[in-house]
Amino acid sequence: MTDAPRFADSCRLALPSEAERLAALQRRSWQQLLPASVAEEILGEVDLATMTAAWLQAIQRPPLAKFRVLVAVADTRVVGNTGMAMGAHA
């Protein structure tokens, strides 16, 4: 996995097979964006497997039917993600 920055050219629903990639992206973003001491503490409390399981749950069985996990894709590689809830007027 390369750490070179990538820009998304599309967005789509996340696939269950991408849960580990999403967890890894989340961990890396915490390391890069949070103060070092905060990132170290948080990442020390939750491992990649636990985070992967949480993403898999969010993708396969979201807390409410209107919630979705979306991924940003550059070429064929997942480079980011977001969550959204469909509104009554969507």
Review point. Closest heavy-atom contact between Leu70 and Met84?
Key: CD1-SD, 3.3 Å
Exercise for review: First locate atom CG of Leu22, then atom CE of Met51, and finally report the distance between them rounded to the nearest 0.5 Å.
Suggested key: 10.0 Å
Check your understanding: Salt bridge or not for Glu18 and Arg77, using N-O below 4.0 Å?
Key -> no
Review point. So does Arg12 have more than 12 non-hydrogen atoms from other groups sitting under 6.0 Å from CZ?
Key: yes
Review point. Taking all non-hydrogen atoms of both residues, which atom of Ala14 and which atom of Val71 are closest, and how far apart?
Key: CB-CG1, 3.7 Å
**Study point:** CZ-CD1 distance between Arg27 and Ile42, expressed to the nearest 0.5 angstrom
**Key:** 10.5 Å
Point to revise | OG1 on Thr52 to CZ on Arg21, rounded to 0.5 Å | key: 12.0 Å
**Study point:** Under 3.5 Å: donor-acceptor pair, side chain of Asn81, backbone of Ala72
**Key:** no
Review point. Considering all heavy atoms of both residues, which atom of Arg68 and which atom of Pro62 are nearest to each other, and what is their separation?
Key: NH1-CG, 4.4 Å
Point to revise | Identified side chain to side chain donor-acceptor pair (under 3.5 Å) counterpart of Trp55 within the set Gln60, Glu20, Gln26 | key: Gln26
Study note, to complete from the structure: In terms of heavy-atom contacts, Pro16 and Ile59 come closest through N-CG2, 3.8 Å
Revision key, fill the gap. Tightest non-hydrogen contact, residues Asp75 and Val73, listed as O-CG1, 3.2 Å
Point to revise | Side-chain heavy-atom pair Phe7, Val79 within 4.5 angstrom cut-off | key: no
